[in-house]
Amino acid sequence: QVQLVESGGGLVQPGGSLRLSCVASGRSFSISAVGWYRQAPGKERELVARITTGGTSIYADSVKGRFTISRDNAKNTVDLQMNSLNPGDTAVYYCKLAYNFREYWGQGTQVTVSS
């Protein structure tokens with residue numbers, strides 16, 4: 001079974017930056033699409049960014065131009081660089097991997113943007 005572990009969350013002031021990382025176990029990473037999702041209190045989980053096996057990325061409209069997703073297949077990692085953060089970005093961020101018609105999720109990492 002695939003295991004995902006996120007890290008890099010924390011407290012940051014508006015306008016600041018954070019870089020989230022996700023490490024996946026096994027050999028399935030390089031042939032799997034991976035993405036970042038987030039869920040704020042009282043709201044549904046939403047897609048933030050996704051990157052395919054070929055390196056093509058998509059972003060939610062709310063984060064375009066501010067966030068960048070990247071992957072390193074040699075290290076089984078997917079990162080999310082978050083710039084120009086605002087309070088609306090406050091949420092628990094989750095890493096997701098799809099493999100063999102199943103979805104795998106990490107435990108999440110808290111991102112809080114506040115002054």
Side-chain angles (χ1 to χ4, degrees):
Q1 189 174 30
V2 176
Q3 183 176 350
L4 304 171
V5 180
E6 302 101 332
S7 63
L11 175 65
V12 64
Q13 294 184 336
S17 299
L18 283 175
R19 188 177 184 89
L20 307 182
S21 295
C22 174
V23 180
S25 65
R27 296 181 177 271
S28 62
F29 183 86
S30 63
I31 58 174
S32 304
V34 292
W36 286 95
Y37 293 71
R38 68 186 182 187
Q39 186 169 23
K43 297 183 179 180
E44 296 185 357
R45 189 171 299 184
E46 64 176 352
L47 172 69
V48 176
R50 173 177 286 182
I51 185 167
T52 68
T53 56
T56 301
S57 303
I58 60 171
Y59 299 90
D61 289 339
S62 61
V63 307
K64 285 183 178 178
R66 300 189 298 119
F67 291 10
T68 302
I69 188 171
S70 61
R71 67 188 299 165
D72 187 336
N73 290 340
K75 298 180 179 179
N76 276 15
T77 60
V78 56
D79 292 355
L80 184 69
Q81 178 65 49
M82 305 185 295
N83 299 326
S84 301
L85 288 163
N86 60 66
D89 297 317
T90 296
V92 177
Y93 285 70
Y94 299 89
C95 180
K96 174 191 172 183
L97 179 148
Y99 179 68
N100 279 349
F101 306 102
R102 299 189 65 180
E103 296 181 346
Y104 300 88
W105 296 85
Q107 293 297 314
T109 183
Q110 176 71 49
V111 172
T112 302
V113 184
S114 176
S115 60

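Here, residue 1 is the first one in the sequence, and each next residue gets the next number.
Cation-pi check for R71 over F29 is met; the charged atom lies under 6.0 angstrom from the ring centroid and within 45 degrees of its normal.
Listed by first and then second residue, the side chain to side chain donor-acceptor pair (under 3.5 Å) pairs that reach into residues 100-109 are K96-E103, sequence neighbours excluded.
With sequence neighbours left out, the side chain to side chain donor-acceptor pair (under 3.5 Å) criterion links N76 to no other residue.
V23 and L20 fall into different hydrophobic clusters, where Ile, Leu, Val, Met, Phe, Trp and Tyr are joined by side-chain heavy atoms under 4.5 Å apart, directly or via other members. By the criterion of side-chain heavy atoms lying less than 4.5 angstrom apart, applied directly or through intervening Ile, Leu, Val, Met, Phe, Trp or Tyr residues, V34 is not grouped with Y37; the two fall into different hydrophobic clusters. There is a path of hydrophobic side-chain contacts, each under 4.5 Å, that joins V12 to Y93. Both L80 and V113 belong to a common hydrophobic cluster when Ile, Leu, Val, Met, Phe, Trp and Tyr are linked at side-chain heavy-atom distances under 4.5 angstrom. Under the 4.5 Å side-chain heavy-atom criterion for grouping Ile, Leu, Val, Met, Phe, Trp and Tyr, V2 is not connected to Y94 through any hydrophobic cluster.
Closest approach of V48 and F67 over heavy atoms only: CG1-CD2, 3.6 Å. Across T90 and A40, no two heavy atoms sit closer than the pair O-CB, 3.6 Å. Across S70 and R19, no two heavy atoms sit closer than the pair OG-NH2, 3.7 Å. Between S30 and T53, the closest heavy-atom pair is O-CG2, 3.7 Å. Residues C22 and W36 come closest through the heavy atom pair CB-CZ2, 3.7 Å. A pairwise comparison of heavy atoms in S115 and P14 identifies N-CD, 3.8 Å as the closest pair.
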Stepwise side-chain contact (heavy atoms from CB on, under 4.5 Å) check, M82 with D89 | CA-CA 9 Å; M82 305 185 295; D89 297 317; 6.0 Å; no

Give the intermediate values and the outcome of side-chain contact (heavy atoms from CB on, under 4.5 Å) for residues V78 and L97.
-> CA-CA 10 Å; V78 56; L97 179 148; over 6 Å; no

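Looking only at distances, no side-chain donor or acceptor of T56 sits under 3.5 Å from a matching main-chain atom of T52. Put simply, the side chain of Y59 gets close to the backbone of I69: a donor and an acceptor are under 3.5 Å apart. With hydrogens and angles disregarded, no donor-acceptor distance shorter than 3.5 Å links the side chain of E46 to the backbone of R38.
Inspection of the Q81 and D79 side chains reveals no N or O donor paired with an N or O acceptor under 3.5 Å.
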